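Some notes on the structure that comes next.
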Amino acid sequence: MTSRTQSYDDARRHRRPESSRRVRHVTRIAVVNIVAAIGGLLIAFPFFYLIVSSFKRENQIYQIPLSLIPQPPTLTEYQQLFTLYSFPRWFLNSAIVGVGATASALLVCSLAGFALAKYDFRGKRVIFVVILATLTLPFQVLLVPLFKEMVAFHWIDTYVALILPFTANAFGVFLLRQFMLGVPTSLLEAARLDGASELTLYWRIALPLIRPGLAVMAILFFTASWNDFLWPLIASTSDDMYLLSVGIATMSSSYNVEYGTIMAASVLATLPIAIIFLFLQRQFIAGLTEGALKG
Amino acid sequence: MEHETTSQSPMNRRTFLRRTGATAAAAAALSTGANLLTEAPRADAATTVTVWEYAENRGRWLRSLVPGFRGQNPGADIKIVSVPQNLLGTKLTAALLSGSGVPDLVEFAVGSLGGFFSGSAAQGGSPFVALESYLGQQKSILNAASAYGPWTYQGHIYGVGNEYNPVLMYYRWDLFQKAGIDATSIKTWQEFVAAGKEFKAKTGASIIGLPANVLDYWYFLSRQRGGGPVAPGNRVTCNNDVGVGALQFLSDLVYKYKIAALDAGLSPYPPNAAYFTALTQGSYGVVLGAPWYQGFMKDNAPNLSGKWRIAPMPKWDSQSAQSVVYGGTALVMPSLSPNKDLAWKFIAYAMLRPESQLQGFRLENLYPDMTTLYNNPALNQPDPYFDNQKTAQYLRAVASSLLPWIETSNLGRVFDAVTRLAIEPVMQGHQSAKAGLDAAAAEVAKLKQE
Amino acid sequence: MNPSTARPDAVQARPKPLIGQWWAKRQRGLAPYIFLTPFGILFLLFFAYPVGYAFYLSLFRRYGFGGSVYVGLQNYANLLSDTRFLHALANTTYYAAGSLFVLAPLALLLALALNSDILWMKGVYRLLFFVPYVTSAVVVSLMFVLVFDKTYGLLNNALGIARIPPVPWIESSSWSMPSLILLGVWTLVGVNSLYFLAGLQNVPRELVEAARIDGATGRRVFWHILLPHLRPIITFVAVGSIVGSYNLFAQPFVLTQGGPEDSTLTLTYYLFIQGFQDFEFGYAAAIGYAIALIIIVISLGQLWALGAFREEES
């Protein structure tokens with residue numbers, strides 16, 4: 001990193017006199033940081049306000065002028081989540097479904113992606129195009145037929161109904177195929193000469209090599225599952241099985257909308273993903289850079 | 001397939017715990033999670049009645065009835081599930097279509113039942129159980145216009161409601177006093193306009209605040225003259241003279257007489273904080289609503305306690321009714337309910353038993369539609385929020401001049417079309433009342449032809 | 001995570017002696033099919049079958065819950081004369097165009113800032129840019145009630161400081177769609193800038209430096225070196241944005257209920273209304289297929305315009 005910066009500056013030093021160079025450099029720093037700061041602030045501010053509101057009493061949310069500091073800050077709204085609603089249970093449900101959906105989709109989609117990227121076989125192109133085309137159909141169309149299937153399998157109101165339908169994820173196959181394309185074929189051939197089975201190639205060579213890609217997909221899968229709303233509502237018939245997103249929606253659509261409580265629930269619902277991303281962000285960017293978007 | 005669920009959970013729960021650490025939340029989650037693993041398979045279908053409810057206040061009331069019901073019916077249980085209101089129909093539809101996961105009872109608000117019958121008359125088969133035979137002699141315990149009317153379709157009663165819901169007017173007597181107007185002298189809408197001009201001149205406030213979607217107020221004003229969106233037999237009447245006149249009047253309040261405020265947000269209901277804050281700030285002098293609306297006022301404008309009084313709605317002329325039924329929620333039994341008899345027992349326990357109805361009033365201001373209770377002292381207490389007036393007295397007064405709700409299978413569509421094509425553009429000043437309501441009627445008529 | 005605990009034994013306990021010989025010869029040919037099997041089964045079960053069933057439904061006019069009438073392709077024909085469908089199509093296209101042409105340039109601008117050596121606190125930005133994307137659409141929509149509220153909203157109160165009169169963000173039919181676009185841009189600009197950032201980091205540095213030494217201006221470097229290298233990303237962002245836009249549902253559902261005056265009625269929302277409010281499942285399914293067709297046509301158009309095919313033929 002530093003050496004790159006060095007050479008970059010070296011290159012520029014040859015061109016301009018010292019003073020004008022410094023002025024330009026300072027301007028550049030200012031422009032870049034201001035652009036990013038404005039963008040960052042605009043994105044952050046609603047979140048900031050969400051967090052602030054969650055520590056306000058219900059009636060303080062509607063006070064003009066808007067206060068950006070709760071006075072005094074209160075945990076009432078958070079307490080209500082645990083006393084009035086089955087919040088811990090919803091959280092647990094979301095976590096189980098999120099982890100289950102992520103793990104199963106990673107496995108299934110990476111297997112398919114590996115096959116599509118590293119083998120030549122009849123029907124490959126057709127399969128790939130069909131998978132991509134499915135991305136375009138709105139989920140709402142599938143709602144009723146899918147529900148009927150879940151009923152036939154007696155899966156309504158179980159975690160399976162919330163996990164399995166999204167395991168065969170077309171987007172996941174597409175991106176994991178992109179990552180798998182980056183696995184050197186020579187490496188696979190060498191392993192084959194050593195007598196490795198095809199499954200070993202997948203498990204011991206391909207998967208470890210696309211670890212950043214798996215991180216990207218894990219984040220995307222987990223996020224999609226964590227935030228899914230329509231299907232979990234339809235497919236669970238008891239509120240013990242509600243996911244967080246559905247539970248939050250129940251708080252909001254009856255007439256007595258508890259905005260403070262909703263805001264508190266939203267903060268707690270968003271936090272885990274933010275934390276996961278905090279730890280995985282380097283892999284995420286690396287994953288994107290290395291594979292998915294090379295085209 | 002059940003075992004697949006449970007065999008997967010321990011691993012995931014471990015992962016989950018590792019991630020979050022031993023926080024209080026996780027500890028709580030762990031205890032519920034443990035229940036999940038040890039729980040017996042889904043409760044025995046023969047003994048548990050599942051009820052879907054959509055409104056927090058009614059949910060609290062229904063839940064409060066469960067212990068007593070259990071006591072009366074040993075071995076029976078009631079499971080009350082909250083469903084987001086805007087998706088209750090969707091969830092029920094999915095269940096009905098697939099023939100499984102159907103609850104024993106569902107709460108239906110007014111205007112939401114008819115759609116489920118659209119076209120099915122021609123095909124036979126009702127998605128819900130007609131309750132007349134269950135009701136039998138007990139039918140007369142309740143006020144028919146409120147308890148059955150909105151859930152009666154082609155002569156059959158599909159739901160039993162527990163709220164008596166004539167629309168009344170509520171006014172800020174303190175503001176009217178300041179303006180030197182006797183609000184009780186406002187008997188007609190013409191007098192309402194005159195009072196509104198004086199009110200504005202003296203107090204600077206608007207006599208009424210109209211939200212962007214004033215569908216409700218349009219309904220009150222048109223229904224009052226015997227009109228309304230529909231007539232029996234799916235006849236669309238929204239664009240007759242009465243309907244057009246009502247919408248024109250609402251628009252005139254804003255644009256011609258300039259006595260109504262149009263800055264009240266989208267609806268007169270929570271969560272529209274703008275509306276209730278304007279109320280609290282004394283920007284509006286009058287609101288209209290059935291008794292259940294009183295609960296919203298108390299919850300969302302608590303510091304106006306004592307500043308309101310009750311009056312009958314103004315009328316159009318000697319022919320128009322004093323009030324109209326608006327709102328209410330009933331328990332409806334899907335034909336696919338697995339435990340019909342027990343489900344009926346719960347309807348009877350909640351709706352036909354005086355103690356349950358009084359409990360609904362005590363807890364959530366749900367005004368009973370049980371005729372025998374009208375003189376009950378509990379309902380005739382002075383209400384400090386309304387300057388110690390008695391709501392019951394006014395409700396009784398309008399009972400003789402009260403128009404019922406008419407439920408048709410196209411009602412939902414008509415309401416929807418009227419909102420989009422008439423109310424919204426007309427109140428924004430984009431469209432004339434006549435043209436807007438004609439367009440709404442035309443859209444519904446076109447659907448019928450196809 | 002999961003696989004590492006579940007699978008290793010399956011790898012080690014590979015059968016050798018009996019069918020070993022046969023397997024050793026064939027496994028390379030059969031492996032792709034075996035690897036595709038789990039996906040294939042789940043795909044057929046939970047996608048292909050429902051999709052086929054939905055198409056079957058689209059050939060019927062469904063009357064309530066009683067029964068249905070076969071109408072052939074009539075539902076599709078009716079779409080063309082359904083003014084509400086066409087209105088929803090126009091709304092959705094407005095949204096798609098608005099979000100694409102605002103979103104992509106802004107995301108690129110932020111990415112350029114993020115990629116620069118002189119930006120402070122990059123980690124903070126990366127996190128910040130990602131969080132809106134991973135926040136549930138329900139939460140985001142509820143949050144934006146507090147942003148767009150005419151009286152208590154953040155936006156109008158901020159404008160009030162500058163003495164600008166309040167804007168009816170979601171109460172007026174002319175502002176409601178721009179407000180949804182704003183919401184969409186807010187949600188997606190961050191993550192799309194991360195995509196662009198990934199692309200920028202793949203541009204060989206030497207290339208940029210060489211151009212600089214040759215005296216190329218920043219603008220020239222951008223147009224002639226960076227942008228051509230970003231073509232796959234632009235394709236990805238553009239197609240993703242179109243697919244997302246034409247499937248827009250949760251935001252108008254929670255925030256505006258399609259109104260006022262149908263100004264935020266999107267195609268998917270209209271599908272939902274037809275299916276679950278008016279119980280016209282056949283018609284709803286036809287709308288679904290129409291949406292898919294529209295997305296495919298637009299995406300192919302984009303791919304062609306961005307020259308994706310020229311390179312893909314390798």
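Given the structure is predicted, the values throughout are model-derived calculations rather than measurements. As a basis for the values below, the full set of heavy atoms in this structure was taken, side chains included, without hydrogen atoms, waters or symmetry mates. Throughout, a chain's letter reflects where its sequence line sits, starting with A, and its residues are numbered from 1.
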At a heavy-atom separation under 4.5 Å, does [X] approach chain A through its side chain, its backbone, both, or neither?
X        : answer
C/Phe43  : both
C/Val147 : side chain
C/Leu197 : side chain
C/Val140 : neither
C/Val243 : side chain
C/Leu271 : side chain
C/Ser116 : side chain
C/Leu30  : neither

Do you know which of [options] has the most heavy-atom pairs with chain A at a distance under 4.5 angstrom?
options                               : value
C/Tyr125, C/Tyr289, C/Phe129          : C/Tyr125
C/Val124, C/Ile34, C/Ile242, C/Leu36  : C/Leu36
C/Leu154, C/Thr268, C/Leu110          : C/Leu154
C/Phe144, C/Tyr133, C/Phe253, C/Tyr49 : C/Tyr49
C/Ile294, C/Ile295, C/Thr135          : C/Thr135
C/Ser299, C/Ala113, C/Gly40           : C/Ala113

Atom of [X], atom of [Y] and distance for their closest heavy-atom approach:
X        : Y        : value
C/Leu128 : A/Gly40  : CD2-O, 3.5 Å
A/Ser245 : C/Val138 : O-CG1, 4.5 Å
C/Pro32  : A/Phe121 : CB-CD2, 3.5 Å

Please examine the side chains of [Y] and [X], heavy atoms only from C-beta on, and report whether any two atoms are closer than 4.5 Å.
X        : Y        : value
C/Phe47  : A/Ile131 : no
A/Phe229 : C/Ser136 : no
C/Phe35  : A/Glu198 : yes
C/Tyr246 : A/Pro138 : no
A/Tyr49  : C/Met143 : no
A/Ile127 : C/Phe39  : no
C/Leu119 : A/Asn33  : yes
C/Val51  : A/Leu142 : yes

Region of [X] that comes under 4.5 Å of a non-hydrogen atom in chain C:
X        : value
A/Ile219 : side chain
A/Thr270 : side chain
A/Phe166 : neither
A/Val173 : side chain
A/Asn169 : backbone
A/Leu220 : side chain
A/Ala37  : both
A/Phe114 : side chain
A/Ile38  : neither
A/Leu230 : side chain

* Between A/Phe277 and C/Phe130, how do the two ring planes meet: parallel, tilted or perpendicular, split at 30° and 60°? ->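 Parallel: the ring planes of A/Phe277 and C/Phe130 meet at under 30°.
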In Å and rounded to the nearest 0.5 Å, what is the [atom1] to [atom2] distance from [X] to [Y]?
X        : Y        : atom1 : atom2 : result
C/Trp186 : A/Phe45  : CH2   : CZ    : 12.5 Å
A/Arg122 : C/Tyr33  : CZ    : OH    : 7.0 Å
C/Ile41  : A/Leu164 : CD1   : CG    : 11.5 Å
A/Ile43  : C/Leu127 : CD1   : CG    : 11.0 Å

Only pairs of heavy atoms separated by less than 4.5 Å count here; which of [options] has the most with chain C?
options                                : result
A/Leu146, A/Leu244, A/Asp120, A/Val31  : A/Leu146
A/Val108, A/Leu278, A/Leu42            : A/Val108
A/Tyr119, A/Phe171, A/Phe284, A/Trp226 : A/Tyr119

* Asked: Does CZ in A/Phe279 sit with more than 12 non-hydrogen atoms of other residues, nucleotides or ligands closer than 6.0 Å?
  ->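 For A/Phe279, atom CZ is not crowded (no more than 12 foreign heavy atoms under 6.0 Å).
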* Report yes if the distance between the aromatic ring centroids of C/Phe249 and A/Phe139 is under 6.0 Å, otherwise no. =>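 No, too far apart.
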* Asked: Is there a donor-acceptor contact under 3.5 Å from the side chain of A/Asn227 to the main chain of C/Val134?
  ->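 Yes, the answer is positive, given that a donor and an acceptor are paired below the 3.5 Å cut-off.
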